[in-house]
Amino acid sequence: MEISTSISSELQDLRARLRSYLFDELIPYEQAQGYGYEDRFSKSVVRKIWQRSRQLGFYGLQVPTALGGKGISIHDLCILKDDVAASGAILFPHVLGDWGGPARIGNLVKYATQDQMARFIEPVVRGEMGTCFAMTEPQSGSDATSIRTRAVIDGDDYIINGCKHYISASAFADYAITMCVTDPDKGADGISAILVELDRPGVRLTYDYLPMTGQHVDADIHFNNVRVPRGNLLGEEGKGFKTAMGRISTNRLLHCPTMTGLARQAYRMALDYAHHRHQFGGPISRFQAIQHMLADMATGLYACDNMILATARKADAGQDIRKEASMCKLFVSEKCFDIADKAMQIHGNVGVTRNHPVEFIFRRLRLYRIVTGTSEIQRNTIAKAILS
């Protein structure tokens with residue numbers, strides 16, 4: 001992330017070490033293995049990345065020091081997330097634990113019992129297990145309160161039935177933080193969060209669809225009379241929806257530096273291409289049409305960077321960022337997609353070639369205008385805040 005404000009020497013050192021790992025180790029490893037954007041990666045492959053990143057001190061930076069993390073600020077984490085996304089590494093989401101790692105735990109740590117910490121939370125922090133957050137259902141997307149997955153008490157257990165749809169990082173998960181209806185008469189106050197191991201009898205993952213990115217990250221999770229101990233209830237019964245909403249604003253904000261990192265990679269490639277691509281006797285960078293696109297791209301990144309970091313500072317100060325996080329998610333997702341679109345235009349036929357980095361970034365950034373709340377949902381949240 002291009003930042004004009006001063007940063008600590010500790011963060012400077014961390015960025016340098018992270019850059020060294022990305023460019024001197026991870027990317028050469030990916031190239032040696034012949035990995036592509038649309039490859040299916042096994043749990044064993046990504047777990048090696050988790051544990052190597054943990055060994056180097058990058059994995060779970062946001063986790064409190066008491067749990068073996070660094071307790072890094074949201075502001076500094078945003079800078080690092082941009083750095084990894086902008087690197088061009090194919091497996092970059094695994095370096096800081098975004099896909100199945102500590103990023104999925106978020107503020108849920110404070111609700112976990114001592115037993116749950118030992119069985120579920122700490123193994124994720126150590127890079128030994130993966131997790132996912134399972135709320136969306138086939139008929140329940142933006143309207144999260146309409147979920148139908150039921151958890152019924154039977155002695156010391158819950159019996160769970162239902163289906164979760166398009167669950168991010170489920171391909172790498174060992175358990176799911178599952179939103180279940182425990183009291184259908186109470187609406188949002190009847191939803192509970194239950195930790196469900198994905199190897200329990202009756203749990204089945206299906207991969208019947210593929211997002212436009214071609215990446216094998218998401219799955220549907222089916223629960224058929226799945227018996228889970230009541231000790232797997234996270235927090236209080238009926239508080240699951242509030243728990244989920246408590247993490248959503250920060251989660252929306254933390255998606256944004258990934259978008260800017262991807263857009264920054266596309267911008268840098270477009271800038272380099274404009275300097276080296278010759279047409280009509282010289283580089284295409286001399287054409288005003290190209291110059292204006294590059295100017296718009298740079299301006300957009302500058303606006304996104306400052307918007308994200310301003311919101312991150314508010315979050316670190318303990319302020320309510322629901323409005324600002326939605327503003328960031330709305331503006332950054334749409335602006336970064338526009339940057340990728342311009343990068344593709346500058347590259348011409350090269351840019352529309354399947355799995356060229358710019359073409360892949362274009363596809364991936366289009367997805368971000370939908371995940372973690374659509375642009376329309378963000379506008380609803382913003383309007384509600386400014387009109388109240």
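Listed for the Gln51 side chain is a donor-acceptor partner under 3.5 Å among the backbone atoms of Gly127. A donor-acceptor contact shorter than 3.5 Å links the side chain of Arg252 to the backbone of Thr372.
Between Glu197 and Arg119, at least one side-chain nitrogen of the basic residue sits less than 4.0 Å from a carboxylate oxygen of the acidic one, meeting the salt-bridge criterion. With respect to the salt-bridge test (charged N to carboxylate O, under 4.0 angstrom), the residues Lys342 and Asp338 qualify. Using a cutoff of 4.0 Å between basic side-chain nitrogens and carboxylate oxygens, Asp76 and Lys70 are not scored as salt-bridged. Salt-bridge annotation for Glu38 and Arg363: present, with a side-chain N of the basic residue lying under 4.0 Å from a carboxylate O of the acidic one. A salt bridge does not link Arg148 to Glu137: none of the charged nitrogens lies less than 4.0 Å from a carboxylate oxygen.
Atom-to-atom distance recorded for Leu234:CG and Tyr111:OH is 8.5 Å, nearest 0.5 angstrom. Separating the OG atom in Ser168 from the CD atom in Gln215 is a distance of 11.0 Å, to the nearest 0.5 Å. Between atom CD1 of residue Ile90 and atom OH of residue Tyr35 there is a gap of 9.5 Å, rounded to the nearest 0.5 Å. For the atom pair CD1 of Ile221 and OG1 of Thr206, the computed distance is 9.5 Å after rounding to the nearest 0.5 Å.
Side-chain contact between Val63 and Ile105: absent, with no pair of heavy atoms (C-beta onward) separated by less than 4.5 Å.
Gln55 and Arg52 share a donor-acceptor pair across their side chains, judged by distance under 3.5 Å alone. Asp218 and Tyr209 are not linked by any side-chain donor-acceptor pair at a separation below 3.5 angstrom, with hydrogens and angles left out of the test.
Annotation: His94 is not in aromatic contact with Phe41 [ring centroid separation under 6.0 Å not met].
The list of salt bridge (Lys or Arg N to Asp or Glu O under 4.0 Å) pairs with a residue in residues 286-295, not counting sequence neighbours, is empty.
Around atom CD of Gln345, no more than 12 heavy atoms belonging to other residues, nucleotides or ligands sit under 6.0 Å away.
A cation-pi contact links Arg19 to Phe23, judged by a cut-off of 6.0 Å to the six-membered ring centre and 45° from its axis.
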